[in-house]
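Since the structure comes first, as structure tokens, the remarks are kept for the end.
Per chain, numbering begins at 1; letters A, B, ... match sequence-line order. Any value given below was found using the heavy atoms of this structure, including those in side chains, with hydrogens, waters and symmetry copies removed.
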There are 2 protein chains.
Amino acid sequence: MNHHDKDLDQVFFALADTTRRGILSQLINGKSTIGKISQPYSMSAPAISKHLRILERANLIKRSKIGRQHHCELTTAGLKTAEDWLQFHREFWKTRLDALDALLGKSDPKGR
Amino acid sequence: MNHHDKDLDQVFFALADTTRRGILSQLINGKSTIGKISQPYSMSAPAISKHLRILERANLIKRSKIGRQHHCELTTAGLKTAEDWLQFHREFWKTRLDALDALLGKSDPKGR
DNA sequence: ATAAAGCTTAACCAATCGGTTAAGCGTTGT
DNA sequence: ACAACGCTTAACCGATTGGTTAAGCTTTAT
């Protein structure tokens, strides 16, 4: 398993949880404190803290401290890793499906 | 947690494993028997069978039987689910980052 | 100086994961 | 008829997950 595989494992793993995806959705609106982030969830602070660590490990967010408040904001690296894998695969995949359609004589292979 | 969340959980979970991603990569070359699929892996047949069930549950592949051979092929639904989520989020995200760049007076907000 | 706020770390728990071996089941070859 | 093939299901195992509570640590407020 090479370096890239581990990155992909961590990113997809991080995204495979509703709470973590919810946190990312929140952060689209900009940097936020951890207190605010946890507000919608009926979950203890340590639980949120763990989710954030997983998102951080996957390079989906980064954290910073101002006074006693900890802040989180989005990072592009993680999402790019995931998107690259998906797009690469879906492109090849689609090509094959188009070829199959052509072979079967379908009328509009592009119009799927 | 709504229906869509469960779908996303299952797709991202399925993709968060090197073996399972490897299987998908193989299947880009077209439909294949399960025997052939397991060949590159030093893993028992039941282990592969489990991975395939997880990929199936996520609508990433579908299985069929011809005689005593079981075949697998790719499906578009699962990958589309994942890509839609990612693209939606990266779009919003990028917009915000561009806005931030503009605010900071960077020269080429599109050229990232 | 002390208390409270805002979070993290540590220790623990049940449930799930990724693998195993053993057994089963339909299909094919002899 | 029966053995081998191709794969799945069942039962089991240690490790990891997602949550908990209790304790700790730094910063702010009184």
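Looking at residues two or more places apart in sequence or on another chain, you find a side-chain hydrogen bond (donor to acceptor under 3.5 Å, both in side chains) between H51(B) and R20(B). Residues forming a side-chain hydrogen bond (donor to acceptor under 3.5 Å, both in side chains) with S25(A) (at least two apart in sequence, or on another chain): H89(B).
Using a 4.5 Å heavy-atom threshold, the side chains of L24(A) and I28(A) count as separate. Two residues are said to be in side-chain contact when any heavy atoms from C-beta on lie closer than 4.5 Å; L15(B) and L8(A) fail this criterion.
Sorted by residue number, the list of members of residues 33-41 of chain A with any non-hydrogen atom under 4.0 Å from DNA chain D is empty. Taking a 4.0 Å limit (strictly below) on heavy-atom distances, residues 48-55 of chain B reaches DNA chain C at K50(B), H51(B), I54(B).
A straight line from CZ of R20(A) to C1' of dG18(D) spans 8 Å, rounded to a whole angstrom. Between the CD atom of Q69(B) and the P atom of dC7(D) there is a distance of 6 Å, given to the nearest Å. For I61(A) and dC7(C), the CD1 to C1' distance is 14 Å, given to the nearest whole Å. Across the protein-nucleic acid pair, R63(A) atom CZ and dT9(C) atom C1' stand 12 Å apart, rounded to whole Å. The CD-C1' distance, from E56(A) to dT9(C), rounds to 15 Å in whole Å. D17(A) places its CG atom 12 Å from the P atom of dT17(D), with the value rounded to the nearest Å. Per the geometry, CG belonging to L15(B) stands 12 Å off P belonging to dG18(C), to the nearest Å. In this entry the distance linking NE2 of H71(B) with C1' of dG6(D) reads 11 Å, nearest Å.
Hydrophobic cluster of F13(B): the remaining members, joined at side-chain heavy-atom separations below 4.5 Å, are I54(B), listed by chain and number.
Between S44(A) and dG19(D) there is no side-chain polar atom (N or O) within less than 4.0 angstrom of OP1 or OP2.
Remark: K6(A) NZ to D9(A) CG distance equals 9.0 Å, nearest 0.5 Å. I37(A) CD1 to T19(A) OG1: the interatomic distance, rounded to the nearest 0.5 Å, is 12.5 Å. Here the CG atom belonging to L52(A) is positioned 4.5 Å from the SG atom belonging to C72(A), to the nearest 0.5 angstrom.
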Mind listing the side-chain donor-acceptor pairs of residues 55-63 of chain A below 3.5 Å, one per line with the distance, residues two or more places apart or on another chain?
unit_1: E56(A); atom_1: OE1; unit_2: R63(A); atom_2: NH1; d: 2.8

Going by atom type alone, with no hydrogens or angles, which donor-acceptor pairs under 3.5 Å involve a side-chain atom of residues 38-45 of chain A and a protein atom two or more places apart or on another chain?
unit_1: S38(A); atom_1: OG; unit_2: I34(A); atom_2: O; d: 2.6
unit_1: S38(A); atom_1: OG; unit_2: G35(A); atom_2: O; d: 3.1
unit_1: Y41(A); atom_1: OH; unit_2: I23(A); atom_2: N; d: 3.4
unit_1: S44(A); atom_1: OG; unit_2: A47(A); atom_2: N; d: 3.4

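Residue pairs that meet the side chain to side chain donor-acceptor pair (under 3.5 Å) test with at least one member in residues 79-88 of chain B, sequence neighbours left out, are R90(A)-E83(B), K80(B)-D84(B). Applying the salt bridge (Lys or Arg N to Asp or Glu O under 4.0 Å) rule to pairs touching residues 26-41 of chain B yields K31(B)-E73(B), sequence neighbours excluded. Each salt bridge (Lys or Arg N to Asp or Glu O under 4.0 Å) pair with one or both residues in residues 44-53 of chain A, not counting sequence neighbours, would appear here, but there are none.
Rounded to 10°, the angle separating the first-five-pair axis and the last-five-pair axis of the helix from dA1(C)-dT30(D) to dT30(C)-dA1(D) equals 10°.
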Side chain to side chain contact (heavy atoms under 4.5 Å, CB included) between T33(A) and H70(A), worked out:
CA-CA 6 Å; T33(A) 72; H70(A) 298 221; over 6 Å; no
Using a cut-off of under 3.5 Å, enumerate the N/O to N/O pairs linking the protein to nucleotides 22-29 of chain D.
unit_1: dT27(D); atom_1: O3'; unit_2: R68(A); atom_2: N; d: 3.4

